[in-house]
Each structure stands twice: as structure tokens, then as C-alpha cells.
Amino acid sequence: MQTNFTAEQLADPHVATSEKILRKCVHCGFCTATCPTYVTLGNELDSPRGRIYLIKDMLENGRPADAEVVTHIDRCLSCLACTTTCPSGVDYMHLVDHARMHIEETYRRPFWNRLTRNILAATLPYPSRFRLALKAAALGRPFAGFFKRFKAFEPFGAMLDLAPKTLPKAPASSKPGTYEAAGERRGRVAILSGCAQPVLKPGINEATIRLLTRLGVEVVAPAGEVCCGSLVHHMGREAQALEAARRNVDVWLAEVEKGGLDAIIITASGCGTTIKDYGFMLRLDPVYAGKAARVSALAKDVTEYLATLDLPQQEAKGLTVAYHSACSMQHGQKITMAPKTLLKKAGFTVRDPAEGHLCCGSAGTYNILQPEISAKLKARKVKNIEATKPDLIATGNIGCITQIATGTAVPILHTVELLDWAYGGEKPVAISNLATKMPA
Ligand code: SF4
Ligand code: SF4
């Protein structure tokens, strides 16, 4: 694609990066077929190609964002299906990240939209605030229908719908500390505690720690770690996202100095995609660029790391698992085979639902901020999953777990919870509840 930026505009490193990305696009439109919003809404401006044109026009003309651009960029899930499909290697992720920053800097959103986003940015990344908010949401749940009657309040209705009825207790593993390897130590890793996940499903990191330590890997949960910054990054709040990234880089590199780290283990693929991008996000910071690149190189999804440990084949479990590949796993990190190979080795029969490339509609805060499109994508995803007639659903991202669980009665677990059980750990309650199907 031809571009027309001035030398002055290109002096801005963000514009220079976006210009290089834009020039790679050849308008072929292959990406439209796999874009969930184009497939759902059928509008070119809700396709990757349409958004690329909008972003190009806005940046080239040095214009502040307007309501039209904001509407179509806000509808983008950042699912990155388009980057998997694009034959020209267009780096849509960094282009849309730049567009979101530009929107945040130049556009004043309507009051209720601003308020909702401020509440989300001030709550979700902080586990104790998030826990309190969920407790309050339990009281507000009966009013969800009322909020959904008014367009401006729909996100509040969506929040109340998504909030779980009960919350698990805060886990011991959310406390900083070292979990020693059983037997001879074959590795040492840090685990990202996370923000929303330990509040909603603390069992995921507990299963990870149990499994890794049983396999001879020392796991450290470092003190001082914060949310990876993904939630605010996708809102275009770059200063807040970079502050979180810098803090985590310091914490993890201190751990590298202390005892060495083979990997930083991440159990939510949405966070993994962002941490693997720290090197890019902090590339313009002379103090942190190199350090952030080191951290990104150490970041591993838990299944990616487990795949290096050569786990033995286990007996068949008599359970069929539909594997839902989170967008951040398959498109963001290009991890497609490892989770399924591990589940098969662990003795599960694994099914791939149709249209596996399409997002479930969770996408960070998308299911709150765009509840209508999100609900359509969820219904489509659940239909495809249920068509495989699974006993269980497995996935590797807390956002997808929360989203899909509100649309189906089939139990949904994190892949690592199933692996932990298969290799000698606790049986998840959801599996105990399927007792009639279990082998004796
Ligand atoms: S990131 Fe997803 S929703 Fe956004 S343009 Fe690409 S495919 Fe479409
Ligand atoms: S597939 Fe790639 S090159 Fe083709 S229109 Fe989409 S982004 Fe541009």
C-alpha cells in the first residue's frame, strides 16, 4: 500500500513503525474471511482491511480520532486472526495498538463510556479491588436486566452477568514464595500470579505449581509483581501499561540474578501475548529496552514449557475434551499443537471444534464494552463446541473460561488442571461430578 507521510510525521517513531506496517498491506482482503467482526457484521469497516484504511487515513492526515474511527476500532477484538491469515505478514497488532493510543490521546469519549472504562482500568488489574468489585456485583446482579435496557448502561449489565455467584477463597499460592522441586531439581521458573485469574480461578496456578514441582521444577512466585498491563494496553492507556511492564521486568530480572530462571510461566494466554511483546512495547525506553527483550524471551505459556519436559503417555481416561484455542494462544503466540498434544498424552480424547479460528467474544474487556457482538460470538462458539459432544472443554485463558462458562453447561477447565490430575494431582471437582463416565 502506498503511503504519504511527511518526513516530520515519520520523525515520530510510532508513526514510522505504523507506516512500515501499512506499506505491507496489498489490499487483498484475505483477512476479511477470518475476522470475527466482519463475519458477524458484514461491514467492510469492521474488517481488518477496512480498519487499516481508517487508521491510515487518520494517521496520514494527522487528524484526531473521530466517532467513526473509534466505533470501528473499538469493535476490533484484537483477536489477531487477521495476522494468522494475512499472506503479506501485516503486523496488525502493533498497528491497532498505535491506533488505540492515538484514540486515547485525541478523542473525548461520551461520559458513560469514559466512566465504564475508568472503572475497568481502576479495578481489573488489582486483585483486591477486583475481589471487592465482584462481591458488590453479587448484590447488584438482580439489576442486570434493568441496566441492559439502556444502551449507555449495557456494559454494567454485562459486568453483572459475568460476575460469578460465589468466589473462591484467596489462595495460598497468590502469596510470594518459593515452591521447591520434588526430588532432583531439573529447572527453576517464575510464575506470573496475574490479576483477575487468581480471584476467579485460583486453582489454575495452584495446579500449575503442583504439577511443575512434582516434575522436578522449582517455582518461584516473586514479590512485587503486578498485572501484566494487557487490560489497559488494549484500552490505549500506554503509560499505565508501560509502568506495569517496567515493574514486572525489574521483579523478574531480580529473580534471574538471584537464582537463574529457565522461564517465566504464564497460565493466561492473553497475558502471555503481552509479556512476549514487552520488548517491543519498551523499545523506545533506553533503560528498559534490552531488559524487556530479555524478559520477553523468557516468557512461556505453561503448555509451551511442559512440552519441553517429555511427559510420559498416560492411560486413556475415557473423557472427550473439546479444546478451545484462545485467540491469544493460537494467533497471538502461535501455540497450536502443544496443548492438544499434552492432553492426548495425558489420556484424553481431544476434539477440535469447527471455526476454531473465531474468537469466543471474551477479548479482555470486550465482553463488557461490546456486549452485543460478544454475545453473538459466544453463541456461535458454544454451538461449535457442543457439536463435538464433549465431556469437558479445555482452554488456556481465563477470559475464555469465564465467557464460555456463561453459555454452556459443559464444564470448562484450564488445560493445566487436566494435566495436573492426569499426572498425579488433585481431581478437579468438575471431573468428580462426571463420575458416571469415569473409569473405575
Ligand atoms: S484483530 Fe480480530 S477483530 Fe480485529 S481486525 Fe483482526 S481479525 Fe478482525
Ligand atoms: S490479508 Fe493482509 S495484505 Fe491482505 S488486506 Fe488483509 S492485511 Fe492487507
Side-chain angles (χ1 to χ4, degrees), residues 164 166-174 179 182 189 191-194 196-215 217 219 221 265-272 300-307 309 311-312 314-326 328-329 335 338-351 360 362 385 390-406 408-435 437-439:
T166 54
L167 275 184
K169 276 193 187 141
S173 61
S174 66
Y179 301 84
V189 299
I191 187 167
L192 170 77
S193 296
Q197 181 178 285
V199 177
L200 293 165
K201 298 271 177 203
I204 295 171
N205 274 2
E206 288 179 339
T208 304
I209 292 169
R210 279 196 306 265
L211 177 61
L212 287 173
T213 50
R214 268 202 318 277
L215 293 171
V217 179
V219 182
I265 298 294
I266 300 144
T267 54
S269 58
C271 309
K300 296 266 177 297
D301 183 75
V302 61
T303 55
E304 214 178 352
Y305 184 73
L306 286 169
L309 298 183
L311 301 184
Q314 301 297 86
E315 275 181 22
K317 299 273 179 300
L319 286 170
T320 300
V321 175
Y323 175 69
H324 163 69
S325 188
S328 42
M329 190 76 85
I335 300 170
K340 290 189 281 186
T341 305
L342 286 164
L343 286 168
K344 284 178 196 165
K345 259 193 176 179
F348 298 98
T349 302
V350 180
R351 298 261 187 268
C360 67
S362 166
I385 287 174
D391 300 302
L392 301 162
I393 306 163
T395 190
N397 193 45
I398 183 65
C400 309
I401 292 175
T402 311
Q403 170 85 342
I404 294 170
T406 58
T408 180
V410 182
I412 178 161
L413 291 106
H414 192 289
T415 308
V416 81
E417 293 179 284
L418 294 177
L419 297 176
D420 174 46
W421 170 54
Y423 290 96
E426 261 176 44
K427 186 190 281 187
V429 176
I431 297 183
S432 300
N433 294 342
L434 296 171
K437 296 204 76 173
M438 294 297 301

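Every heavy atom of this structure was used, including side-chain atoms; hydrogens, water molecules and symmetry mates were not.
A heavy-atom distance below 4.5 Å is not found between the side chains of Pro390 and Val321. Two residues are said to be in side-chain contact when any heavy atoms from C-beta on lie closer than 4.5 Å; Val302 and Thr415 fail this criterion. For the pair Ile265/Val219, no side-chain contact is recorded, criterion being any heavy-atom separation below 4.5 Å from C-beta on. For the pair Val416/Thr303, no side-chain contact is recorded, criterion being any heavy-atom separation below 4.5 Å from C-beta on. Residues Leu212 and Ile191 are not in side-chain contact: their nearest non-hydrogen atoms beyond the backbone lie 4.5 Å or more apart. When side chains are defined from C-beta on, Leu306 counts as touching Leu211, because their heavy atoms get closer than 4.5 Å.
Between the CD1 atom of Ile209 and the OH atom of Tyr179 there is a distance of 5.0 Å, given to the nearest 0.5 Å. Here the CG atom belonging to Leu215 is positioned 5.5 Å from the CG atom belonging to Leu311, to the nearest 0.5 angstrom. Rounded to the nearest 0.5 Å, atoms CD1 (Ile393) and CD1 (Ile385) are 4.5 Å apart. Here the straight-line distance linking atom SG of Cys400 with atom CD1 of Ile412 works out to 7.5 Å at 0.5 Å rounding. Put simply, OG1 on Thr341 and OH on Tyr323 are 10.0 Å apart, with the number rounded to the nearest 0.5 Å. Atom OG1 of Thr349 and atom CG of Leu392 lie 11.0 Å apart (nearest 0.5 Å).
For Arg351, the CZ atom is loosely surrounded, since the number of other residues' heavy atoms within 6.0 Å does not exceed 12.
With Asn205 contributing its side chain and Leu192 its backbone, the two residues share a donor-acceptor pair below 3.5 Å. With Lys340 contributing its side chain and Val350 its backbone, the two residues share no donor-acceptor pair below 3.5 Å. In this structure, the side chain of Tyr423 engages the main chain of Pro312 through a donor-acceptor pair within 3.5 Å. Counting only distance, with no hydrogens or angles, the side chain of Ser328 and the backbone of Gly270 share a donor-acceptor pair below 3.5 Å.
Residue Pro202 comes nearest to Val199 through the heavy atom pair CD-O, 4.1 Å, listed as atom of the first residue, atom of the second, then distance. Nearest heavy-atom pair, Ala346 versus Lys317, reported as atom, atom and distance to 0.1 Å: O-NZ, 2.9 Å. Looking at every heavy atom in both residues, Ile398 comes nearest to Ala268 through CG2-CB, 4.4 Å. For Gly318 against Asp391, the heavy-atom pair with the smallest separation is O-OD2, 4.1 Å.
When each of Leu200, Leu413, Ile204 is tested with Ile401 by the rule side-chain contact (heavy atoms from CB on, under 4.5 Å), just one qualifies, namely Ile204. Partner Thr267 forms a side chain to side chain donor-acceptor pair (under 3.5 Å) with one of Glu417, Lys201, Gln197, His414 and no other, that one being Gln197. Tested against Ile404 for a side-chain contact (heavy atoms from CB on, under 4.5 Å), the candidates Thr406, Thr408, Thr402 yield a single pass: Thr408.
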Stepwise side-chain contact (heavy atoms from CB on, under 4.5 Å) test for Leu343 and Leu419: CA-CA 7 Å; Leu343 286 168; Leu419 297 176; 4.2 Å; yes
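Ser269 and Asp301 are not linked by any side-chain donor-acceptor pair at a separation below 3.5 angstrom, with hydrogens and angles left out of the test.
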